[in-house]
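Written below as structure tokens is the structure these notes are about.
Letters A, B, ... are given to chains in the order of the sequence lines, protein chains preceding strands, and every chain is numbered from 1. Computation of the quantities below employed the complete heavy-atom set of this structure, encompassing side-chain atoms and omitting hydrogens, waters and symmetry-equivalent molecules.
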There are 2 protein chains.
Amino acid sequence: MSADTKVQILDAAESLFSEHGFGDTSLRTITSQAKVNLASVNYHFGSKKQLIQEVLQRYLTVFMPAVDDQLTHLLQKHPKPDVSQVFSCLVEPLLSLNQIRPDGTAIFVRLLGRGYSESQGHLRKYITFHYGEVLRRFVQAVHLAVPQLSPAEIFWRLHFAIGTFVFTMASSKALSEIALADYQQDVTVQGIISRLMPYISAGVGAQATETSVNPLLDIA
Amino acid sequence: MSADTKVQILDAAESLFSEHGFGDTSLRTITSQAKVNLASVNYHFGSKKQLIQEVLQRYLTVFMPAVDDQLTHLLQKHPKPDVSQVFSCLVEPLLSLNQIRPDGTAIFVRLLGRGYSESQGHLRKYITFHYGEVLRRFVQAVHLAVPQLSPAEIFWRLHFAIGTFVFTMASSKALSEIALADYQQDVTVQGIISRLMPYISAGVGAQATETSVNPLLDIA
DNA sequence: AACCAATTCAAACAATAGTTTGAAATGTAT
DNA sequence: ATACATTTCAAACTATTGTTTGAATTGGTT
């Protein structure tokens, strides 16, 4: 069964990639966990690079259209949404990934984190190229929520938000362990997302200090 | 001159590490850029791991005490500071790194970003171990600024802030290029920091939604 | 059952990694 | 200037990486 081998490789790869990163996960580790032959990766995927791509693709093809739907529903209900409403368009699509694959949400967001920080812009370009329309609609929705911000400011705020999200998720395992040890908190991905939302919403919606040149003057 | 060789290695290493990450920078690349022999890294530093540590140490020994001083001055002036005042304690120490080494600020924050996302918690532990007292004072200052937040909530907010900061800086090169192309913005590290501050301050100071279990309910 | 394509497999390959070695060179103190 | 310790250097070593190869096996079709 060839499909089985492919799926087993993808399953093993996504779990290992999300935990140790792309560079630090060897094909031998993947194939031994997937219980398939080493050469089958190159046979079925061509190269490690393409394997990484397909691992991400499997999630993006589900996630991105789901976000698009959420945006459509939100905007026809609330032509003038607020920031938290716009960002909440990401929540349900994210959590729905848990139904596709066990722990799918956590795996996907960690993969995103790895992809953004390890692949030196490759993932960003890939997403921009394949899902540019969804991104534009999202940015447009944010613009509706904070019309007082300039497009440039929104650009920065959005990447701050991506950073918050992606970094938190990439280190979610370590953070969860600390939270359990220090605060007796049992943390789920869902819990982290619900804690993230107020932070991101407030951050993106914060009043801009566009004109200032010297950051020291802003604060003192 | 042995000191020269050591310094040349450190200088080349920090620049390459910050740009391509620790794993993707080989000792051969470092030594060829530093114009020294390959073996001199192991001779002077013992191993690549220790080289990475010393690269970070060179900045941390300057940065951390500077933050500590800022906190001292802030708290004796404002026993009840606000969030932006607390976070602004990081700004001057960060910018002062530019006086130690050309582009020092950018290099340091990118190294931090790499260290946090690539070293699977090693850097976090290292900083906690060697500068735990400064960290505690910072957390305490944040607590003074947002006393309504529980310690656990502050823990999460702080790591959100670290994530925002570190991720943004790690991708600052790419982001700056996009900003220049799309918005004709000439971006400096200082400029990014000044844009970050309102976002982080608002995010950390946001009203908590501690009790909720279902994140979907928070937003809808 | 025979045939052909698809897949699996063990083995080897080429490239790169960090590290070690021992001789050569340099510097320093007597 | 001699003797000693420090530093540099080219080369080799060991391990790991992604990839390729060609034979063996499997699967489906006639």
Show the numbers, then the answer: is there a side chain to side chain contact (heavy atoms under 4.5 Å, CB included) between V86(A) and F138(A)? CA-CA 8 Å; V86(A) 175; F138(A) 191 85; 3.9 Å; yes
If you check the H44(A) side chain, which of dT8(C), dG18(D), dC9(C) turns out closest? dT8(C)
Rounded distance (Å) that lies between atom P of dA12(C) and atom CG of N42(A): 18 Å
R101(A) charged N/C atom sitting above Y59(A) aromatic ring, 6.0 Å / 45°: yes
Close approaches to DNA chain D from residues 19-30 of chain B, in residue order (heavy atom, under 4.0 Å): R28(B)
Just how far, in rounded Å, is C1' of dT8(D) from CG of D4(B)? 13 Å
Give a yes or no on whether the ring-centroid distance for H159(A) and F155(A) is below 6.0 angstrom. yes
From the list dT20(C), dT8(D), dT19(C), which nucleotide is the closest neighbour of the side chain of N37(B)? dT8(D)
Roughly how many Å is it from NZ in K48(A) to C1' in dT20(D), rounded to a whole number? 17 Å
Is the phosphate of dT8(D) approached by T5(B) (side-chain N or O, under 4.0 Å from OP1 or OP2)? yes
So, F167(B) versus F167(A), ring centres under 6.0 angstrom or not? no
F45(A) CZ to dT20(D) P, in whole Å, measures 16 Å
Take atom NZ of K35(B) and atom P of dT7(D), then tell me their distance rounded to the nearest Å. 22 Å
Between R110(B) and E19(B), does at least one N-O distance fall below 4.0 Å, as a salt bridge requires? no
I'd like to know if D11(B) and K6(B) make a salt bridge, using a cut-off of under 4.0 Å between side-chain N and carboxylate O. no
Of the listed nucleotides dT7(C), dC9(D), dA10(C), the one nearest the side chain of Y43(A): dT7(C)
Selected nucleotide, minimal atom distance to L38(A) side chain, candidates dA11(D), dA6(C), dT19(D): dT19(D)
